[in-house]
Amino acid sequence: MAKAVVLAMCLVLAGIGNGPVMALSGASSSDAALPQLQSTAFPERNPNREGSVYDTVDVLTTDQERSIQTDITRASGLGVEMLVYTRMSEQSEAESQIFADRLNAEWGVESAEGANDGLVYLLTVNPLDPDTNSIVVSAGQAALPIRQFDDMALQELVDTEMVPEVVEGEYARSFQYGLRRVLNAIEYSPPEPAPPTSLQQTLHKAANVMGAVLVQFAVVGYFAISLVRDRRFTLAPGARSLTIYAVILGVSSVVVGIVAIVGRNAFGSLAALGLLIVSACVLPLLIGTRQQREHRARQLRVTRRPAGRIKTIGSTHG
């Protein structure tokens, strides 16, 4: 009986002694992480905490956090609120998206109360299965478009630029790509134009027809001008005929260009611009060349004119 008690006490002491050793092994370290991974408590935001970078799993260095916060501050000054959050979890990408959306709503990431226009970047790290690490972005209902950065552009940004960096373990670079692409959209992308008015819609249609007619006139008019003015067909109209053609083409291009610009018609604008360059730059050179040739031709005709009969005054007949 005494031996049994001693043996039992030895086993208990051996189990207690082996506890810390097992915690340092691979299997035990995973088990130690499980309570944190499986925690379902939703975090609460500390209103007294400064900054918008919440690296709860310490995957960012101090310098990286400072750089990310600088980008967030720049965006905030331009009217777009952002938040970066990292966590450790086994949740799927779809569940992480739900978490990010809830974080966006409950933490009030927005430019003004009720605006619902914030962006939340959530990185989920799973040390038990790093292949399931994910990054998602939650955009408030009024967040997009930001200039011309819309939902499709955001999804492309996540898929092609942010996710590959997470796969490589470059978490800070992934956040920086996501933040700075939005900053570029705010600072450098032109705003979306206002919808066209009824007048602009009418002029847009008219510019299509006028642009097509202008291009046809540019081709046909070059040959028709000699038929109208000189009553003959030639591939090299005279200088005066080309001058008339250049003036008509230039004035027509200006008119079509104005209509196309007001009507927001790219085809009409490009056609008018191209033919205006032809009438103002190309045709004057051609006119100058034709004038020189015509001048030389007149000189040749004068020098080759046959001498007339010379009258002799005071002649005598022998």
Side-chain angles (χ1 to χ4, degrees), residues 78 139 142-161 181-298:
L78 296 169
L144 300 174
I146 300 174
R147 295 294 179 97
Q148 297 185 27
F149 188 81
D150 54 12
D151 295 285
M152 185 178 298
L154 176 61
Q155 189 60 49
E156 181 181 0
L157 168 64
V158 174
D159 293 339
T160 62
E161 297 186 43
R181 174 67 73 85
V182 176
L183 280 171
N184 289 337
I186 301 172
E187 295 179 328
Y188 305 115
S189 298
E192 285 287 350
T197 63
S198 57
L199 175 61
Q200 288 175 327
Q201 292 176 356
T202 301
L203 293 179
H204 182 89
K205 297 177 181 179
N208 282 327
V209 178
M210 296 175 68
V213 172
L214 181 64
V215 172
Q216 293 176 358
F217 169 76
V219 177
V220 177
Y222 178 84
F223 302 102
I225 192 67
S226 59
L227 291 174
V228 175
R229 186 178 182 279
D230 302 328
R231 299 293 190 273
R232 64 188 180 89
F233 176 80
T234 177
L235 296 178
R240 292 186 179 180
S241 299
L242 285 175
T243 301
I244 296 172
Y245 168 71
V247 171
I248 297 175
L249 183 62
V251 172
S252 301
S253 299
V254 171
V255 173
V256 174
I258 294 174
V259 174
I261 292 173
V262 176
R264 300 181 185 178
N265 188 293
F267 167 70
S269 300
L270 293 176
L273 178 61
L275 295 178
L276 183 62
I277 293 174
V278 171
S279 63
C281 301
V282 178
L283 288 177
L285 296 176
L286 187 58
I287 292 171
T289 302
R290 292 296 301 162
Q291 286 177 338
Q292 291 179 357
R293 291 181 179 178
E294 291 174 0
H295 180 67
R296 292 173 184 172
R298 285 195 296 269

* CG/D159 to CG/L154 distance, rounded to the nearest 0.5 angstrom? -> 9.0 Å
* Rounded to the nearest 0.5 Å, what separation is found between the CZ atom of F267 and the CE atom of M210? -> 11.5 Å
* Asked: Do Y222 and L242 come within less than 4.5 Å of each other through their side chains, counting heavy atoms only?
  -> yes
* **With sequence neighbours excluded, residues passing side chain to side chain contact (heavy atoms under 4.5 Å, CB included) with L285** => none
* How would you list, by chain and number, every residue that makes a side chain to side chain donor-acceptor pair (under 3.5 Å) with Q291, sequence neighbours excluded? -> none
Cut-off 3.5 Å, no hydrogens considered: what does the side-chain donor-acceptor table look like for residues 247-261, sequence neighbours left out?
from	atom 1	to	atom 2	distance (Å)
S252	OG	I248	O	2.8
S253	OG	L249	O	2.8

* Structure fact -> Those residues at least two apart in sequence (or on a different chain) that pass side chain to side chain contact (heavy atoms under 4.5 Å, CB included) with P196 are Q200, Q201, R264
* **Distance-minimising heavy-atom pair for G211 and A271** => O-CB, 4.4 Å
* Spatial distance of atom CG (N184) from atom CD1 (I146) [nearest 0.5 Å] -> 12.0 Å
* To do: Check whether more than 12 heavy atoms from other residues, nucleotides or ligands sit under 6.0 Å from atom CZ of R290, and answer yes or no.
  => yes
* Structure fact -> Interatomic distance, CD@Q216 vs CG@L214, rounded to 0.5 Å, equals 10.0 Å
* Asked: Among all residues two or more places apart in sequence or in another chain, which pass the side chain to side chain contact (heavy atoms under 4.5 Å, CB included) test with A153?
  -> F149, D150
* Structure fact -> side chain to side chain contact (heavy atoms under 4.5 Å, CB included) filter on I225, not counting sequence neighbours, yields P237, S241, I244, Y245
* To do: Drop me the distance from T160's OG1 to Q155's CD, to the nearest 0.5 angstrom.
  => 9.5 Å
* Output every pair passing side-chain hydrogen bond (donor to acceptor under 3.5 Å, both in side chains) with a member in residues 205-215, not counting sequence neighbours, ordered by first then second residue. => N208-N265
* To do: Please name all residues satisfying salt bridge (charged side-chain N to carboxylate O under 4.0 Å, His left out) with E187, sequence neighbours left out, ordered by chain then number.
  => R74
* Reported SG-to-CG distance for the pair C281 and L286, which is rounded to 0.5 angstrom -> 13.5 Å
